[in-house]
Amino acid sequence: MVKDIIEILSFLKRNVKDFLTEEELKEKLLRKKVLRVKLGIDVTGPDIHLGFAVVLRKLREFQDLGHTACLVIGDFTAKIGDPSGRSKTRPKLSDEEIKENMKKYERQIFKILDKKRTEFYYNSSWHSKLKGDEIIEIASKYTVARLLERDDFMKRYKNNLPIYLHEFLYPLFQAYDSIMIKADIELGGEDQYWNLLVGRELMKEFNLEPQIVMTMPLLIGTDGKLKMSKSYNNYIGIEEEPKEMFGKIMSIPDELIIHYFQLCTNRREEEIREFERKLKEGENPRDLKAQLAKDIVTLYHSKEKAEEAEEEFNRVFKYKELPTEIPVFYSKERNIRLVDLLVDTNLLPSKSEAKRKIKEGGVYLNGERISDIDYQVIINKEIVIKVGKRKFLKVLPG
RNA sequence: GGGCAGGUACCCAAGUGGCCAAAGGGGGCAGACUGUAAAUCUGCUGGCGUGAUGCCUUCGGAGGUUCGAAUCCUUCCCUGCCCA
């Protein structure tokens, strides 16, 4: 029994950044059969990306060991939004929008999680009922100095940027969630560490067994610099089309290959070491990245789709051929300026932009670069337009 | 409540009467090269116009002064700091 637990612990420790504390988890595993593993879900946008998937995958590991995933939907904060109207990351959402988002979310979440061992909680169901005196009670358990410990708050404070009072309260509300669902352990990205600790502290204040805190490293986004996030637009959604997913993974900087293998695939530790060695020995990073892309597409789609995506990628970017499927636009005009056509087809947003792209040599008609901004297009048969490396459109008379 | 400092394009940030569609950086896009939608280098980055020294819209909002305003004045809104 004890030996099993040690094995389980070392399994669970893979890809973990902060773990507070291993001893407590060991003790809980010995004492309880089923742990309640909490994960907070933000409902502001409908896409789950590979970064969040790192955490979800960890949660799945707990489920596979028989534990319960307790997903706390942050609909309360989403509904309140940001009164200052400044923060784009917290737009105010209606019940309908939240429901709509949740539908899409569930579909994606269960690509990773096990439905049978998942419970959903909407935190508005308790937060909306809190009375003023109860809120004060919660607030009285924590100090401003401790709230200011949070890096993000401290930075803003030092830089004379606004910190709104409700933002100060959010961590406490989030912590209160842990109390309401009696979490044994809470998971999150490493940037959540501080928030999760508040949960731990608050639980102690309410005379509950404090939750264990476990965070996963943040996945770096496709830009190679910032954490993967919707707001930085550097993310790869787990529901993206295989081709798109494949391409996006190919576009990550080479230095991130191992990082992604580690956090986004089921490759064993030894295999990853092996890849690392190959890279050092001068193996073409392109090939390993293609392997990575296949791994990930297989995980969220299928092996077949992954292979298709690879073929397509090679066709378009390696051999510079046309993609197999090109969207079609039927043009009523038979004789039109190229600039106008580019705008009409939505390939480019404005005529100025179209002229720029033509001047830059980024526009091709049937494989031929066009550099005359006054170019007239005669549409009497199929024409394939290419803008930049990735935009293709077939234009037919219609 | 009082004093002071600020609000500029997708973001950060310079500009303090005409040479401002507005420096610089980031991001984005395009090209070259390549190993790929990697890295690096180069260019572009408000809209419209037949190509440059043309027009229209944009420097928190609304008015005003001026031949001319991001820049000056009035007023309102917002943020930070200090004092109370």
Side-chain angles (χ1 to χ4, degrees), chain A residues 82-89 148 153-165 167 220-237 240-261 275 278-279 281-294 296-297 309-321 323 336-340 342-344 346-364 368-376 385-392:
Chain A
D82 190 333
S84 69
R86 274 168 194 269
S87 171
K88 289 169 203 148
T89 53
L148 273 175
F153 285 152
M154 202 56 201
K155 270 191 195 139
R156 280 153 74 182
Y157 191 66
K158 279 185 181 156
N159 291 321
N160 295 343
L161 292 169
I163 300 169
Y164 290 86
L165 207 48
E167 297 181 272
I220 308 288
T222 52
D223 60 339
K225 288 173 200 134
L226 302 166
K227 69 164 181 173
M228 184 174 284
S229 151
K230 268 167 249 172
S231 37
Y232 301 140
N233 201 21
N234 61 357
Y235 72 97
I236 303 172
E240 288 192 51
E241 288 300 309
K243 286 171 207 162
E244 194 63 17
M245 200 183 250
F246 194 97
K248 279 194 180 183
I249 296 165
M250 289 306 280
S251 82
I252 63 168
D254 292 349
E255 300 74 59
L256 255 43
I257 295 174
I258 296 300
H259 177 67
Y260 271 60
F261 265 120
F275 290 150
K278 279 187 181 166
L279 274 177
E281 286 171 3
E283 172 144 340
N284 191 338
R286 201 207 85 97
D287 299 333
L288 275 168
K289 214 192 282 182
Q291 183 60 58
L292 171 72
K294 266 196 285 183
I296 295 177
V297 176
E310 182 179 34
E311 276 170 38
E312 184 77 3
F313 186 87
N314 287 341
R315 184 177 304 129
V316 177
F317 298 109
K318 204 168 171 182
Y319 306 117
K320 313 251 184 260
E321 289 168 13
I336 185 172
R337 287 176 63 217
L338 177 56
V339 176
D340 292 322
L342 290 168
V343 176
D344 287 353
N346 278 328
L347 281 167
L348 292 170
S350 71
K351 290 182 196 176
S352 300
E353 179 70 9
K355 283 178 194 168
R356 250 176 255 134
K357 288 294 159 281
I358 295 172
K359 275 191 220 160
E360 287 166 349
V363 178
Y364 296 79
E368 198 178 324
R369 177 178 283 169
I370 305 296
S371 47
D372 173 14
I373 62 165
D374 294 320
Y375 191 88
Q376 288 281 332
I385 309 180
K386 182 185 178 195
V387 179
K389 290 192 180 85
R390 299 176 52 210
K391 283 190 208 165
F392 293 89

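Here is the naming used below: chain letters follow the sequence lines, and residue numbers restart at 1 for every chain.
Nucleotides B:U45 and B:G60 are separated by 24 Å at their C1' atoms, to the nearest Å. Taking the C1' atom of each, B:A14 and B:A9 are spaced 13 Å apart, rounded to whole Å. To the nearest whole angstrom, the two P atoms, one in B:A70 and one in B:U57, are 12 Å apart. Remark: the separation of the P atoms in B:G46 and B:C20 is 15 Å, to the nearest Å. Taking atom C1' in both B:G27 and B:C12, the straight-line distance is 11 Å, to the nearest Å. One P atom belongs to B:G2, the other to B:U8, and the distance between them is 26 Å to the nearest Å. Separation of the P atoms belonging to B:A5 and B:C10 is 29 Å when rounded to the nearest angstrom. Using C1' as the reference atom, B:C76 and B:C56 are 28 Å apart when rounded to the nearest Å.
Between the P atom of B:U50 and the CD atom of A:Q376 lies a distance of 11 Å, rounded to the nearest Å. Atoms OH (A:Y364) and P (B:A30) sit 11 Å apart, rounded to a whole Å. Atom pair A:K320:NZ and B:A32:C1' shows a separation of 11 Å (rounding to whole Å applied). Rounding to whole angstrom units, CG of residue A:L226 and C1' of B:C11 are separated by 12 Å. Rounded to whole angstrom, the span from the CG atom of A:L292 across to the P atom of B:U36 amounts to 16 Å. Going from atom CZ of A:F317 over to atom P of B:C33 covers 17 Å, rounded to whole Å. Summarising the geometry, the separation between CZ on A:F246 and P on B:A38 is reported as 14 Å, rounded to the nearest angstrom. Across the protein-nucleic acid pair, A:R390 atom CZ and B:U36 atom P stand 16 Å apart, rounded to whole Å.
Base engagement by A:K289 is indicated by at least one non-hydrogen atom pair under 4.0 Å involving a base atom. The residue A:G388 sits close only to the backbone: its heavy atoms come under 4.0 Å of sugar-phosphate atoms, none of a base. Residue contacts shown for A:Y232 are absent, as no nucleic acid heavy atom lies under 4.0 Å away. Within 4.0 Å of A:R356, counting heavy atoms only, lie sugar-phosphate atoms of the nucleic acid but no base atom. Within 4.0 Å (heavy atoms only), A:K355 reaches at least one base atom of the nucleic acid. If you check every strand for non-hydrogen atoms under 4.0 Å, A:I252 touches sugar and phosphate atoms only. Counting non-hydrogen atoms under 4.0 angstrom, A:S350 reaches the backbone sugars and phosphates but no base. No engagement by A:L256 is indicated, since no non-hydrogen atom pair under 4.0 Å with the nucleic acid exists. Among the atoms of the strands shown, only primed sugar atoms or phosphate atoms (P, OP1, OP2) are found under 4.0 Å from some heavy atom of A:P253.
Residue whose closest nucleotide on RNA chain B sits further toward the 5' end, between A:V343 and A:Y157: A:V343. Comparing A:R337 and A:K391 by the nucleotide of RNA chain B whose heavy atom lies nearest to each, the residue mapping closer to the 5' end is A:K391.
The distance from the CG atom of A:D223 to the CE atom of A:M228 is 9.0 Å, given to the nearest 0.5 Å.
A:L288 is listed as a side-chain neighbour of A:L279, based on a closest heavy-atom distance under 4.5 Å. Considering only heavy atoms from C-beta on, A:V297 stays 4.5 Å or farther from A:K243 through its side chain. Here the side chains of A:M250 and A:R286 are in contact, with some heavy-atom distance below 4.5 Å.
Classification of A:R356 and A:E360 as a salt-bridged pair fails, no side-chain N sitting under 4.0 Å from a carboxylate O. Between A:E241 and A:K248 there is no salt bridge, since no side-chain nitrogen of the basic residue lies less than 4.0 Å from a carboxylate oxygen of the acidic one. Under the 4.0 Å criterion applied to side-chain N and carboxylate O atoms, A:K278 and A:E281 are not assigned as salt-bridge partners.
Below the 3.5 angstrom threshold, one finds no donor paired with an acceptor across the side chain of A:N233 and the base of B:G28. At a cut-off of 3.5 angstrom, counting only N and O atoms as typed in the model, there is no donor on one side facing an acceptor on the other between the side-chain of A:E360 and the base of B:G31.
A close approach under 4.0 Å does occur between a side-chain nitrogen or oxygen of A:R369 and OP1 or OP2 of B:A32. A sub-4.0 Å separation between OP1 or OP2 of B:A37 and a side-chain N or O of A:T222 is absent. Contact annotation: A:S251 side-chain N/O to B:U36 OP1/OP2 distance is not under 4.0 Å. Taking side-chain N and O atoms only, A:K351 has a distance below 4.0 Å to OP1 or OP2 of B:G49. An OP1 or OP2 oxygen of B:G35 is reached within less than 4.0 angstrom by no side-chain nitrogen or oxygen of A:R286. One finds no side-chain N or O of A:K243 lying less than 4.0 angstrom from the OP1 or OP2 phosphate oxygen of B:A37.
Nearest nucleotide to the side chain of A:E244, out of B:C81, B:A37, B:A38: B:A37. When each of B:U50, B:G26, B:G35 is scored by its nearest atom to the side-chain atoms of A:K225, the top-ranked nucleotide is B:G26.
Under the Watson-Crick or G-U wobble criterion, with both distances below 3.5 Å, B:G63 is paired with B:C73. B:C19 is unpaired under the criterion used here, namely a Watson-Crick or G-U wobble arrangement in which both key atom distances are under 3.5 Å. Within the shown strands, B:C56 is the pairing partner of B:G46 under the Watson-Crick or G-U definition, both distances less than 3.5 Å. The pairing partner recorded for B:A32 is B:U40, the criterion being a Watson-Crick or G-U wobble arrangement whose two distances lie under 3.5 angstrom. Look at B:G51: it lacks any Watson-Crick or wobble partner with both distances under 3.5 angstrom.
Seen from the ring of A:Y235, A:K230 does not count as a face-on cation partner, given the 6.0 Å and 45° thresholds.
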Q: Could you go through the side-chain contact (heavy atoms from CB on, under 4.5 Å) check for A:Y375 and A:R337 one step at a time?
A: CA-CA 6 Å; A:Y375 191 88; A:R337 287 176 63 217; over 6 Å; no
